[in-house]
Structure formats: C-alpha cells, structure tokens
Colleague: 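Quick one: structure below, then a few questions.
Lettering follows sequence order; numbering is per chain, from 1. Quick caveat: nothing in here was measured; it's all calculated off a predicted structure.
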Number of protein chains: 2
Amino acid sequence: MPLRSDWSELMCPVGRALDVLGDPWVVLLMRDALHGRRRFEEFKESLGISDAVLSRRLTGLVASGLLEQQPFEGDGRARHVYVPTAAGADLLPILQSLAIWAEKHTELPDGGAHMALIHETCGRETTSADTCSACGEPLRAEEMSWDKPWKAERVRLSGATTLEA
Amino acid sequence: MPLRSDWSELMCPVGRALDVLGDPWVVLLMRDALHGRRRFEEFKESLGISDAVLSRRLTGLVASGLLEQQPFEGDGRARHVYVPTAAGADLLPILQSLAIWAEKHTELPDGGAHMALIHETCGRETTSADTCSACGEPLRAEEMSWDKPWKAERVRLSGATTLEA
DNA sequence: ACACCTCGCTTGCCTCAAGAAAGTGATCTG
DNA sequence: CAGATCACTTTCTTGAGGCAAGCGAGGTGT
C-alpha cells in the first residue's frame, strides 16, 4: 500500500505526466534547472529546500530522465552537475502555462510585478506558452528569457545539456 | 512548521501556481471537472480516490476558487454539484501542455493510443496547448474535445459554470 | 601539520497527510 | 420498515516533509 498512488500506467496522458510532475519540488527544480542552475548548493539556496528532500528529488529526476548527471571539474575537485535532458527542456510549455495562469489568477505579493516571457529570437513578449504569439515560431528554452522585474535582470533560459549557463 | 511549504507569496508565478496546483489530485480533479464530471460519486468512480481525500480536495478547490459549489435538484433530493469557475476553466492550457508532454515523453501503457486534442470550432487537431495550431484561435474549454481512442468516444469538454454537461 | 571550511549527501526525530476501511445521517426505493 | 445511495467523517497505519545534526572527501589558512 503505497502512500502515493502510481499513475504511470494510466491511459490518460495527464495522469502519466503527473506521475512524474505531480510533486511541486520537481517542478520548481526543473524551473531552476532551465534557469541555468546546475549544482546542489544552487538549488538549495534558490529554493530553501531541505538537504534530504533535495537529494531524493535530484536522484528521482535523474531516474525519470528529466535531468542528467554530468561530471564537472570546475575547481579541481570532482563535483557533478545536473543538466536538463531533452525531455526536461520540453517542460518549458508546462512551466510557461503555469506562469501565465498564475499571472492571471493569483494575487501578486507585495513588491511583485508582472513577469514577461520574452522570445529572444524575435525580441518580443509571447502570451502563448508554446508558440510565440508575436512571430509564430515554436518556443525553445534556450531562446527564451523570463523578465522578472523584481530582480532587475532578465533571466535567459538554457536548454538541454548545455553547460555554459 | 508546516508539512508542506507555503508558496502563495512567492514572486515567481510558477511558485504561486504550484501553491494551488502542486497536488496531483487537484489537477486530476480539475481535468475531470472540465470533462463534465460534477458530482462526488462521479469523481470518486473516475479517479479511484478515497472518500476522505476527495472530500478534502473538493473543499480546498472551492476555497481556492477553481470550483464552485452549486445546489442541484436533480431527482428531488438536495445534492450539490462542483462546477469549474473561470479560473478553473483557464487551466485548460496547463492540462493540455501536460498531455502533450506526456504523449511525447512517457511510455504508452498496453492498449493505449495517442490522444488527440480537437478544436471543435475548426474541426482539426491542435498541437499547441493554448492556441489552435490549425486555425490560430485561442483555445477555450467548451470548444475542445479530447479524442481518447481507448474509450471509443470523443470527450467534449465543458467550460466554466456550465450545467448541461 | 593541523584546524577549519565547503559541498553533497545521509541519518534521526517529530509531525502531519495519504490511503484504506468502516461509520454516519439524510434521503429515497421496494 | 429494510435496504440502498450519497456525501461526508472518523479511525488507523504507514510513510513523507521539514529540521537539525553528522559525515566524509577534498579543499584552504597559518
């Protein structure tokens, strides 16, 4: 008797998606990964997630094929980085449709501001999650920036298996 | 110290969306609600969810403003129905982007088949979650059918506050 | 050489939710 | 009046979340 139901065998694709994405930490981690975060400490600091949960989630995401663990010799010590796979990068429309929905239907916290999804290829804001509403091209992670005014920086996303974040 | 973090105050809209949608039952319930399911027993039979969890989730969804409880005098007894609000109907792009992702990146179970998203207004399949890839119009729940071949029926969705499901 | 730090985990503890099953009460049916 | 249906509520066990501490490998400072 599992605590959490197993939805991997459901006919409906929404159910199967939730078998992987039904955990909110998973979604936040993938958002961060597409924002160029790669290392354990980066995720931890960004999310305020506990060590134990982060470790479990990263392992699970590698097992699910959304992240790939790569060796990394940054400063001489062998560390490793977690890089989105193609399946992970394809979560972009899901993340953006969540963002669009929340912009419309949840309340901005104090000091918040509208986040714009910028298609860098054409330079304009898109109001669609998967196809640029300005130029009509399909949106790819490495061609997007999320303009977060409260951060005074436009965050360029990075796609699958890119290391120069 | 809550068991589940509170993300309602986050700057990033993805976090705020997950504060409501971070529970997989919530997403499945809203999918069913947009498929025209309205009553406690309908959700229960469709999802195999336990009474206790279903009751809690429905209460929560009403509190979150995704469902509205309406009186219903179907057969003389006073029952009530749970109907999607406008915010609930606006989850359509999220559900569809989940479905599109899973069609591409999860394995079909035995006897499964491709589910097509049909824009009934133009009669064609869309490959975008929020804007019809065939005719370019924004997708609205009550204009969509999900063609589930394993069910031998095309399921017409229903939008907000519609009772004739 | 030795103390100390950083990073990526792991372990232990406590609380609280998930899930299964049974109970409840209001209303209808035979 | 016995039984069924519906929408919950209650009880119970299991296990995940969050916090804090520990740990081990590989730095750095003096």
Colleague: In residues 39-54 of chain A, which residues come under 4.0 Å of DNA chain C by heavy atom?
Modeller: A/R39, A/F40, A/E41, A/D51, A/A52
Colleague: Would you name the heavy atoms of A/G15 and B/R31 that are closest together and state the gap between them?
Modeller: N-NH1, 4.2 Å
Colleague: Can you name the residues that form a side-chain contact (heavy atoms from CB on, under 4.5 Å) with B/E45, not counting sequence neighbours?
Modeller: none
Colleague: Sorted by first residue and then second, give each ring pair (Phe, Tyr, Trp, His ring centres under 6.0 Å) pair with at least one member in residues 45-70 of chain B; sequence neighbours left out.
Modeller: none
Colleague: Measure OH/B/Y82 against C1'/D/dC6 and give the value in whole Å, please.
Modeller: 11 Å
Colleague: Can you list everything that forms a side-chain hydrogen bond (donor to acceptor under 3.5 Å, both in side chains) with A/S145? Sequence neighbours excluded, please.
Modeller: A/E120
Colleague: Mind jotting down which residue pairs meet the ring pair (Phe, Tyr, Trp, His ring centres under 6.0 Å) criterion with at least one end in residues 120-152 of chain A? Sequence neighbours excluded, please.
Modeller: A/H35-A/W146
Colleague: Send over the distance from B/R57 CZ to D/dC8 C1', rounded to a whole Å.
Modeller: 15 Å
Colleague: Return the set of residues passing side-chain contact (heavy atoms from CB on, under 4.5 Å) with A/K104 (not counting sequence neighbours), or none when no residue passes.
Modeller: B/D90
Colleague: What pairs meet the ring pair (Phe, Tyr, Trp, His ring centres under 6.0 Å) rule with one or both residues in residues 87-141 of chain B, with sequence neighbours excluded?
Modeller: B/W101-B/H105
Colleague: Could you check which residues of residues 18-27 of chain B get a heavy atom under 4.0 Å from DNA chain C? Sort them by number, please.
Modeller: B/D23, B/W25
Colleague: For A/D6 and D/dA16, give me the distance from atom CG to atom C1', rounded to whole Å.
Modeller: 17 Å
Colleague: Calculate the interatomic distance between A/R37 atom CZ and C/dC7 atom C1'; express it in whole Å.
Modeller: 18 Å
Colleague: Residues two or more places apart in sequence or in another chain: which of them pass side-chain hydrogen bond (donor to acceptor under 3.5 Å, both in side chains) with B/T127?
Modeller: B/S133
